[in-house]
Amino acid sequence: MPVNTDKLAPLTILALDTCTESCSVALRHHGRIYAQQADAPREHSQRLLPMVDAVLTEAQLSLSEVALIAYGRGPGSFTGIRICTSMTQGLALGQDLPVVGISTLQAMAQAAMDEQGAQQVVAAIDARMGEVYWGEFVCEAGIATLVGRERVCAPDAVSRDLNYHYEVVACGTGFDAYPELVIDGMTISSLAKFPEAKYMLTLAALAHSKGLSTDVDGLAPVYLRDTVTWKKLPGRE
């Protein structure tokens, strides 16, 4: 059964993600979605703000009219996560906007569910160093819902908690990097290789309705490798 989005739709949400090779921005306003996406792994910092300006201009909105900023919180590229977090911080700080982090793995799973009607999804991002970022999701009321926990691990150490007697859709660069992850019962998605901001919008509205959004000081990037940290802008202690 699909999620009842009647109460979620009026919320004007700006979403952005740069956590992988893909850079994407999306805006939902009065039920319409405005989106831009580019595969430009070394140009995220140059492209992101012009893309934000483009969707706001197309919707004839200013940033002050946005109610919530959703950001790709990771896992993914360390540099990409830092860019997304820092850009979100700068945008939210200027307008005192609430923010909410969305998992890149969940965003890919949501894309597979929205576009392919998938009921079970495995999302894997190449984490380099012989590892993958891994998450398993089931469709609950139209929403990609995590089974177990997200993790970073070697391909031969992934958890397999889904019912592989039924179709499982696999998405993400982890399956290109490690073909051995593909097992019987999996279908590879060509539509959800990278996370895209437009698939974060419903997830963000739902999270906000559950009280999970925070002020800008609550930004929480997720690296999964716990040796990595990020720094807030000066003056934000």
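Index from 1, following the sequence.
Residues Ile183 and Val169 fall into different hydrophobic clusters, defined by Ile, Leu, Val, Met, Phe, Trp and Tyr side chains chained together at heavy-atom separations under 4.5 Å. Linking ILVMFWY residues whenever their side-chain heavy atoms come closer than 4.5 Å, directly or via other members, places Leu56 and Met51 in the same cluster. Both Leu162 and Val132 are part of a single hydrophobic cluster, where members link through side-chain heavy atoms under 4.5 Å apart. Using a 4.5 Å cut-off between side-chain heavy atoms of Ile, Leu, Val, Met, Phe, Trp and Tyr, with links allowed through other members, Tyr34 and Leu48 fall into the same hydrophobic cluster. Under the 4.5 Å side-chain heavy-atom criterion for Ile, Leu, Val, Met, Phe, Trp and Tyr, Val168 and Val182 are members of the same hydrophobic cluster.
Of the listed residues (Arg160, Arg149, Glu150, Gln120), just one forms a side-chain contact (heavy atoms from CB on, under 4.5 Å) with Glu136, and that residue is Arg160. Partner of Thr88 under the side-chain contact (heavy atoms from CB on, under 4.5 Å) criterion, out of Leu93, Val216, Val99, Ile83: Val99 alone.
Side chains of Gln119 and Tyr166 form no contact here, defined as non-hydrogen atoms less than 4.5 Å apart. Residues Leu63 and Leu91 are in side-chain contact: their nearest non-hydrogen atoms beyond the backbone lie under 4.5 Å apart. Side-chain contact between Val66 and Leu27 is present, with at least one heavy-atom pair separated by less than 4.5 Å. Between Val121 and Cys171 the shortest side-chain heavy-atom distance falls below 4.5 Å. Between Leu14 and Leu16, the closest side-chain pair of non-hydrogen atoms falls below 4.5 Å. At least one side-chain heavy atom of Met108 sits less than 4.5 Å from a side-chain heavy atom of Ile125. Side-chain contact check for Asp184 versus Tyr164: every heavy-atom pair is 4.5 Å or farther apart. Contact check for Val122 versus Phe175: side-chain heavy atoms found under the 4.5 Å cut-off.
Residues Glu196 and Ser24 bring no donor and acceptor atom of their side chains to less than 3.5 Å of each other. The closest side-chain donor-acceptor pair between Ser62 and Glu65 falls under 3.5 angstrom. Side-chain contact, Ser189 with Gln116: a donor N or O sits under 3.5 Å from an acceptor N or O.
The aromatic rings of Phe78 and Tyr223 sit perpendicular to each other, their planes meeting at more than 60°, with 30° as the lower class boundary.
A distance-only check finds a donor-acceptor pair linking the side chain of Trp134 to the backbone of Ser159 [under 3.5 Å]. With hydrogens and angles disregarded, no donor-acceptor distance shorter than 3.5 Å links the side chain of His30 to the backbone of Thr12. Side chain of Gln36 to main chain of Cys23: no donor-acceptor pair is present (N/O by atom type, distance under 3.5 Å, no hydrogens or angles). Thr104 contributes a side-chain N or O that, together with a main-chain N or O of Pro75, makes up a donor-acceptor pair within less than 3.5 Å.
Rounded to the nearest 0.5 Å, atoms CE (Met87) and OH (Tyr71) are 15.5 Å apart. Within the model, atoms CD of Glu21 and NE2 of His44 stand 7.5 Å from one another, a figure rounded to the nearest 0.5 Å. Remark: Arg28 CZ to Thr202 OG1 distance equals 5.0 Å, nearest 0.5 Å. Summarising the geometry, atom NE2 belonging to His208 is positioned 8.0 Å from atom CD1 belonging to Ile13; distances are rounded to the nearest 0.5 Å. One distance of note links CG of Leu105 with CZ of Arg151; it measures 12.5 Å at 0.5 Å rounding. The distance from the CD1 atom of Ile143 to the CZ atom of Phe137 is 12.0 Å, given to the nearest 0.5 Å.
Closest approach of Thr18 to Gly80, counting heavy atoms only: OG1-O, 2.7 Å. Of all heavy-atom pairs spanning Ala107 and Pro195, the tightest one is CB-CB, 4.1 Å. Considering all non-hydrogen atoms of both residues, Ser22 and Asp39 come closest at CB-OD1, 3.7 Å. Listed here is the closest heavy atom pair of Ile81 and Arg73: CG2-O, 4.0 Å. Taking both residues in full, the closest heavy atoms of Ser213 and Leu68 are given as CB-CD1, 3.9 Å, listed atom of the first, atom of the second, then distance. Minimum interatomic distance between Ala144 and Gln106 (heavy atoms only, all atoms of both residues): O-NE2, 2.8 Å.
Heavy-atom neighbours of Gln60 CD from other residues, nucleotides or ligands within 6.0 Å: at or below the threshold of 12.
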